[in-house]
Protein chains: 2
Amino acid sequence: MTLKDKLLMEALRQFSAKGYSGTSTSSIIDAVGASKGGLYNHFPNKEQLFREALSLARKIWREKNLRGLDHLPRPTDKLIRLLENYRDNYLTDTLNLPGGCVFVNLAVELGEEFPHLGREVHEGFVRLRQMIERLLHEEKAAGTLGMDLDTGDAAELLFTGILGVCVVYSSGKSTATLARSIGALCRYIEKMRL
Amino acid sequence: MTLKDKLLMEALRQFSAKGYSGTSTSSIIDAVGASKGGLYNHFPNKEQLFREALSLARKIWREKNLRGLDHLPRPTDKLIRLLENYRDNYLTDTLNLPGGCVFVNLAVELGEEFPHLGREVHEGFVRLRQMIERLLHEEKAAGTLGMDLDTGDAAELLFTGILGVCVVYSSGKSTATLARSIGALCRYIEKMRL
DNA sequence: CTCAACAGACCGACCGGTCGCTTTGTTTCC
DNA sequence: GGAAACAAAGCGACCGGTCGGTCTGTTGAG
C-alpha cells in the first residue's frame with residue numbers, strides 16, 4: 001500500500017473519531033510513521049487531505065451499505081438489507097471507521113467551518129432519504145404495502161432513525177444497543193408489509 | 001448579567017457549533033468583550049468552562065423540552081408535546097444553541113477526548129430513551145394503546161428518530177425539513193393510539 | 001485601605017505549512 | 001548490461017502564528 005493510501009486511511013480514522021479541528025497532521029503522520037514532507041508531497045494542505053478522506057469515506061459507505069441490495073427484488077428487502085449492512089458491515093467496521101459514521105459525526109463541525117463541505121454532506125443525507133422513499137414508493141406501487149401508508153412519513157422515520165442509530169452507536173459503542181435499534185427499524189418495515 | 005454567565009452562554013454557543021477543539025478561549029473572550037484574566041478568574045481551565053457550559057445546556061434542555069408536559073394527563077400527549085418542544089423551543093433556539101443540540105453534535109468528539117464527559121452524555125441519551133419507553137408503557141397499561149404494540153420497539157423508533165432529527169437540522173438548518181420530520185414522528189405516535 | 005474582579009502582556013507548546021536535503025527508482029545513452 | 005542523469009518520494013529542521021494558561025498591574029466597590 002502506498003504512503004498516500006496509508007495517510008488517507010489513517011486520516012479518515014482520526015477525523016471520524018476526533019473531528020477536523022481535533023486531529024492534527026502530526027498525529028496522522030506519527031500514526032503511519034511518515035513525515036511532514038511525505039504528507040505534503042501528496043496533499044497541498046490539511047483541508048485537501050480531509051476532502052479526499054471524505055471521498056474515501058463515501059466509497060466505503062457505498063461498498064459496505066449497498067452490498068447485496070441488487071440481488072433482492074423486493075424493495076423493502078433492500079431496505080432491511082441496508083439496515084443490516086449498517087449494523088454488520090458499516091458502523092462496526094472498526095478498521096476504517098473506529099469513530100462510527102464520519103458524516104453524522106462531522107455534520108455540524110463541517111457546516112460551520114467549511115460550509116461547502118457541510119452542504120455536500122447534507123446532500124448525501126437528502127439522497128439517502130430519497131432512496132428510502134423511492135424504495136417504499138416502488139413497493140407501494142407494486143401493491144404489497146398497504147394503500148393507507150404514507151411513504152413520506154415512513155421514509156422520514158427510517159431515515160432519521162438510521163442517523164439516530166449512528167449517533168447512539170458513536171456515543172456508546174454498544175453492539176447490543178445497535179442490534180436492538182436496527183432490529184426495531186427492521187420490524188417497523190416488516191409490519192408495514194401486507 | 002454577570003461576566004461568568006455571559007462567558008458560559010457564549011461558550012455554549014460556540015462549543016455547540018464548532019466543537020470543543022474547534023473553539024478557542026480567545027474567540028469566546030473576544031465575542032463577549034472580556035479578557036483572559038476575566039475568564040480564568042471564573043474557570044480554572046478550558047475543560048471546566050466546557051463542563052459548566054454542558055451543565056447549562058442540560059438545564060436549557062429541560063426548560064425547553066419538558067415545558068408543559070406535566071399539564072397533560074395522557075402519556076402520548078406528553079410525547080407529542082416533547083417533539084413539538086424540540087421543534088419550536090429547543091432546536092430553533094438560535095440564541096443559546098445556534099449549532100443545534102450540543103449533546104448530539106459533540107457526542108463523538110467527547111467520547112474520544114474526555115471519556116468521562118462522553119459517558120455522561122451517553123447516559124443522558126439512555127435516560128431519554130427510558131423516559132419515552134416509560135411513557136409508552138404507562139399508556140399501554142391504561143389500555144389506550146393496542147395490546148400488540150411493542151413499547152420497546154416504538155420507544156427505539158422515537159428515540160433514534162429524535163436524535164436523527166437533531167443531526168439533520170444541525171446539518172441543514174432547514175425549519176421546513178425539521179417540521180416535516182417532527183410531524184412524521186407525531187403521526188407515528190397518533191397512529192399507535194386506539 | 002482592602003480585596004476581589006478584571007485587563008492584557010507574556011510564556012512554552014503545538015499548530016499547519018515550507019524548504020533544502022537525502023534516498024530511491026526510472027530513464028537514457030554507450 | 002551498466003553507469004550516468006534525472007525525477008519523484010520522503011525526510012525533518014524550521015517558520016510564523018495561535019493555542020491554553022500564567023502573572024503582574026489596575027481599578028472600583030465596600
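These numbers were taken from a predicted model, which means no experiment stands behind them. Convention: sequence-line order gives letters A, B, ...; per-chain numbering from 1.
- If you check C/dG8, D/dG12, C/dC15 against the side chain of A/Ser35, the one that comes closest is D/dG12.
- The existence of a salt bridge linking B/Glu63 and B/Arg67 is excluded, since no basic side-chain nitrogen approaches an acidic carboxylate oxygen closer than 4.0 Å.
- Contact check, A/Ser24 against C/dC15: a side-chain N or O comes under 4.0 Å of OP1 or OP2.
- With respect to the salt-bridge test (charged N to carboxylate O, under 4.0 angstrom), the residues A/Asp150 and B/Lys191 do not qualify.
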Contact list (N/O, under 3.5 angstrom) for nucleotides 17-20 of chain C vs protein:
residue: C/dG17; atom: OP2; partner: A/Tyr40; partner atom: OH; Å: 2.9
residue: C/dG17; atom: OP2; partner: A/Lys46; partner atom: N; Å: 2.6
residue: C/dG17; atom: N7; partner: A/Lys36; partner atom: NZ; Å: 3.2
residue: C/dG17; atom: O6; partner: A/Lys36; partner atom: NZ; Å: 2.7

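- A cation-pi arrangement, defined by a distance under 6.0 Å to the six-membered ring centre and an angle within 45 degrees of its axis, is absent between B/Lys46 and B/Tyr40.
- Residues B/Arg13 and B/Glu10 are paired through a salt bridge, judged by an N-O separation under 4.0 Å between the basic side chain and the carboxylate.
- Separating the NZ atom of A/Lys18 from the P atom of C/dC14 is a distance of 14 Å, rounded to the nearest angstrom.
- Rounded to whole Å, atom P of C/dC15 lies 18 Å from atom CZ of A/Phe50.
- Rounded to whole Å, the distance from CG on B/Leu3 to P on D/dG28 is 16 Å.
- Put simply, B/His42 has a side-chain N or O that comes within less than 4.0 Å of OP1 or OP2 on C/dC6.
- Taking atom OH on A/Tyr20 and atom P on C/dC15, their separation rounds to 13 Å, with Å as the unit.
- Computed from coordinates, the B/Ile29 CD1 to C/dC10 P distance equals 17 Å when rounded to whole Å.
- Here the P atom of nucleotide D/dC19 and the CG atom of B/Leu49 are 15 Å apart, to the nearest Å.
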Give the table of side-chain donor-acceptor pairs shorter than 3.5 Å for residues 110-124 of chain B, with sequence neighbours excluded, one pair per line with atom names and distance.
residue: B/Glu113; atom: OE2; partner: B/Ser21; partner atom: OG; Å: 3.0
residue: B/His116; atom: NE2; partner: B/Glu120; partner atom: OE2; Å: 3.3
residue: B/His122; atom: ND1; partner: A/Ser171; partner atom: OG; Å: 3.0

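- The CG atom of B/Asn41 sits 13 Å away from the C1' atom of D/dT22 (whole-angstrom rounding).
- In this structure, A/Thr2 reaches neither bases nor backbone, as no heavy-atom distance under 4.0 Å exists between it and the strands shown.
- Using a 4.0 Å cut-off between a side-chain N of Lys or Arg and a carboxylate O of Asp or Glu, B/Glu156 and A/Arg180 qualify as a salt bridge.
- Residue B/Ser27 is classed as having no contact, given no heavy-atom separation below 4.0 Å to the nucleic acid.
- Distance, B/Lys4 NZ to C/dC6 P: 11 Å, rounded to whole Å.
- Side-chain rings of B/Tyr20 and B/Phe15 approach one another, their centers coming within less than 6.0 Å.
- Looking at heavy-atom distances under 4.0 Å, A/Leu39 makes no contact with the nucleic acid at all.
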